[in-house]
Undergrad: 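Quick one: structure below, then a few questions.
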Number of protein chains: 2
Amino acid sequence: MVARTANVSRVAVSRAFNPHASIKPAKRDMILRVAQELNYTPDRAARSMVTGRSHLVGVIVPDVCSPWESQEIDALTTALQAEGFATLLFKTRIDLSMDETLLTYMKGYNPDSVIAFTENVRPQILSRVLDRAVPIYVVYGDDDGAGDAPGGPLTDRLRVVQRTGIEQAVALMQGYGARRIAFLSGVRQSLATVEREKLVRRVLAERGLPPPVLMAGDYTYDTAYRETLSLFRVQGGVDAVFAANDVGAFGVMDALRHELGRRVPEDVQVVGFDDILQAHWKSYNLTTVKIDLIERVQAFVRLILARLRNPGQPALTETIVTRLVVRGTVG
Amino acid sequence: MVARTANVSRVAVSRAFNPHASIKPAKRDMILRVAQELNYTPDRAARSMVTGRSHLVGVIVPDVCSPWESQEIDALTTALQAEGFATLLFKTRIDLSMDETLLTYMKGYNPDSVIAFTENVRPQILSRVLDRAVPIYVVYGDDDGAGDAPGGPLTDRLRVVQRTGIEQAVALMQGYGARRIAFLSGVRQSLATVEREKLVRRVLAERGLPPPVLMAGDYTYDTAYRETLSLFRVQGGVDAVFAANDVGAFGVMDALRHELGRRVPEDVQVVGFDDILQAHWKSYNLTTVKIDLIERVQAFVRLILARLRNPGQPALTETIVTRLVVRGTVG
DNA sequence: CGTCAGAATGAACACGCGTTCAATTTCCGT
DNA sequence: ACGGAAATTGAACGCGTGTTCATTCTGACG
């Protein structure tokens, strides 16, 4: 024990490690020096029992492999680490089903906050299972459907405005002559993809274009590849494909180029969604709707810190806006 | 409190949640039912204080974005979750420098085990900072350099045999006529890449081939792209490129095809390392040396469980073997 | 030198749990 | 019905902290 070695009380050691505690500077320095020699660190578990702060942030993700999610986790972990938090990572099943067992399991670790990238879990469930942590919910719709009802569960929100980027994308495609546009969806259960499809349909209608040809994807490369083959072998006249994510767009492009003999963008235009790092790889050079990762992660951190600073305050909302990044797959 | 609601002692509640405890089945069921209604879960922090088990596994990674690492984290998290552990994720700086501050920081969470994918941190440091957890160290060399000295720090090891896959790769390239082979390295500080380069040099010599032309990479696409341009614009006669990782191989291929007008594999052969999910994408269809992710993760979990079952036992070692996956970038 | 406010100190307590141990109950065989 | 072994129970304790509160020390001012 550090206290005995330094000939001080155990309380003094505690104070030495807490910046706001009242202790004589010389004494603090001495204790910290002894602690370092003894390789002592305050036990976070014991500390969290008395402070009620675990300094853990639970992150629930369906698929860490996905470039978009891994890049988000990377940025988030970096940002959290800078603020003194650690990332506690959990995985749901690939179909986005959020097992209530998993939430109960996570609750045991007493995270200070929870971020669920699995959009299909209702905030009601999240709030019911977790007691102390206020979950952060990512909202894609204009109507958020998260149940703002007073007396309802307290949930902070990050709203992603998808309409801006989608409008720019459709305008660009139309400007280069696209008329018959297909939409490759993501996993059906994903609220993000449902909203993307709805917006694409709406924007196309507003611009006097026919409704989108629907392709049933699941965010993966392989499914996008197969769907593209079966669509273009049967149906002609599709000028452009709007994919619900970048990886899906890659699958579309590879099927078009390497199996169907079509050129991108000369024969078929392709637009993706997310702007993952791979989107600028020369083999794809993808024009895509960007969700700014830095902005998004900073918004998460702001929400977490604000909520922890004042746990009782009403629901918080941050908003980020998408925009089109123009590269080489349109026009 | 559950105990009061169910009219039992607090001890009974504890026993109800511990499978090996002695309690009448009917009583346990009743308590668990009441607990569920009250949304009660044993606090892991409090539990870890008395059991000495946190059920946390610290994972230290330089770059979650990298496909290889994200895929490994994904598989590892799934496997750990199945065994009742949670992944505690930490990020080092991109240059692989393992900050001792980070380790001290992590120590506070009291992880049951630590896996460091940052290969340049010496086990001595890892062991000195962490007290309870026995770290797992990934070893790529034939001579492991981890300091097996008795009295040295206790460290479990996962040995990756890289020679097998490298021999197969070189044999295949040579079989298709390659003679002058370049090697694109990874980050200089990475022990994995140092060993890969050493082995490539050795295998080339054994097969009567000239030593490799060295390209200084850092595992990223962009650097690989640039290095390829500067190499092939100056020096002719390079038949093939052996990249230290798949993403680097992608950069090489894109530079060759989209900027230098060379065909792969007709003009230049390319081989990668890792076999990430993207390696089978049609734009690349990369022939690569596979490190089997499932085997690797299972080995990690075996090491963790074995060590926890018997904390005092001598150092454990698991071994996995690489092999070539033949696709379309050679021959 | 005396006084008093503010800073510094340490004893006691609580956080929520698993475990030990002695006391009590249950169960089986006769 | 009885004895004894086995199963079950609950009080007390400790894990390593931060915090409260009463006490002691420090230093400045009159």
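All values below come from the heavy atoms of this structure, side chains included, with hydrogens, waters and symmetry mates left out. Here is how names work: the chains are called A, B, and so on, in the same order as the sequence lines, proteins then strands, and each is numbered from 1.
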Undergrad: Please state how far atom CZ in A:R47 lies from atom C1' in D:dG16, giving the value in whole angstrom units.
TA: 11 Å
Undergrad: Rounding to an integer number of Å, can you tell me how far B:R53 CZ sits from D:dG16 P?
TA: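 It works out to 15 Å between those atoms.
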Undergrad: Go through C:dG18, D:dG10, D:dC15 for me and flag the one nearest to the B:V11 side chain.
TA: D:dG10
Undergrad: So if I take every side-chain heavy atom of B:N18 and compare against C:dG18, C:dG10, D:dT17, which nucleotide ends up nearest?
TA: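 Among the listed nucleotides, the one closest to the side chain of B:N18 is C:dG18.
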Undergrad: Would you indicate, yes or no, if D:dG18 has its OP1 or OP2 atom less than 4.0 angstrom from a side-chain nitrogen or oxygen of A:T51?
TA: no
Undergrad: Taking only side-chain nitrogens and oxygens of B:S9, does any of them come within less than 4.0 Å of OP1 or OP2 of D:dT9?
TA: no
Undergrad: Figure out the CE/P separation between A:M49 and C:dC15, and round it to whole Å.
TA: 9 Å
Undergrad: Can you tell me which residue among B:L89, B:L88, B:T87 is in a side-chain contact (heavy atoms from CB on, under 4.5 Å) with A:L88?
TA: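 When side-chain contact (heavy atoms from CB on, under 4.5 Å) is applied between A:L88 and each of B:L89, B:L88, B:T87, only B:L88 qualifies.
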Undergrad: Can you check the A:N7 CG to C:dG10 P distance for me, whole Å?
TA: 11 Å
Undergrad: Would you mind telling me which residue lines up with the more 5' stretch of DNA chain D, B:A46 or B:V8, judged by nearest nucleotide?
TA: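 Per heavy-atom nearest nucleotide, the more 5' residue is B:V8.
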Undergrad: Send over the distance from B:R28 CZ to D:dT9 P, rounded to a whole Å.
TA: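 Interatomic distance, CZ of B:R28 to P of D:dT9: 10 Å.
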Undergrad: Give the rounded distance in Å between these two atoms: CE of A:M30 and P of C:dA8.
TA: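 Taking atom P of C:dA8 as the reference, CE of A:M30 is at 15 Å.
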Undergrad: With a 4.0 Å cut-off on heavy atoms, is B:S14 in touch with a base, just the backbone sugar-phosphate, or nothing at all?
TA: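 Result for B:S14 = base.
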Undergrad: Does A:K27 put a side-chain nitrogen or oxygen below 4.0 Å from OP1 or OP2 of D:dC25?
TA: no
Undergrad: Could you tell me if the side chain of A:W68 sits less than 4.5 Å from the side chain of A:L277, heavy atoms only?
TA: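 No, every pair of side-chain atoms sits at 4.5 Å or beyond.
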Undergrad: Rounded to the nearest Å, what distance is computed from the CG atom of residue B:L38 to the C1' atom of nucleotide C:dG16?
TA: 16 Å
Undergrad: Using the closest heavy atom to pick a nucleotide of DNA chain C for each, name whichever of A:K24 or B:T41 lands nearer the 5' end.
TA: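 That would be A:K24.
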Undergrad: How would you label the contact of B:R15 with the nucleic acid (heavy atoms, under 4.0 Å): base, sugar-phosphate, or nothing?
TA: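 The residue B:R15 makes base contact.
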Undergrad: Determine whether any donor atom in the side chain of B:R10 lies under 3.5 Å from an acceptor atom in the base of C:dG18, or the reverse, and answer yes or no.
TA: yes
Undergrad: Taking the basic N atoms (NZ, or NE/NH1/NH2) and the acidic carboxylate oxygens, is any pair closer than 4.0 Å for B:R159 and B:E318?
TA: no
Undergrad: For the residue pair B:Y109 and A:Y109, is the inter-centroid distance of their aromatic rings smaller than 6.0 Å?
TA: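 Centroid separation for B:Y109 and A:Y109: 6.0 Å or greater.
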Undergrad: Counting side-chain heavy atoms from CB outward, which of C:dC17, C:dG16, C:dA8 is closest to A:S22?
TA: C:dA8
Undergrad: Do A:R15 and A:N18 come close enough that some side-chain heavy atom pair is under 4.5 Å?
TA: no
Undergrad: Write down the distance between OH (A:Y109) and C1' (C:dC17), rounded to a whole number of angstrom.
TA: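 Taking OH of A:Y109 and C1' of C:dC17, I get 15 Å after rounding.
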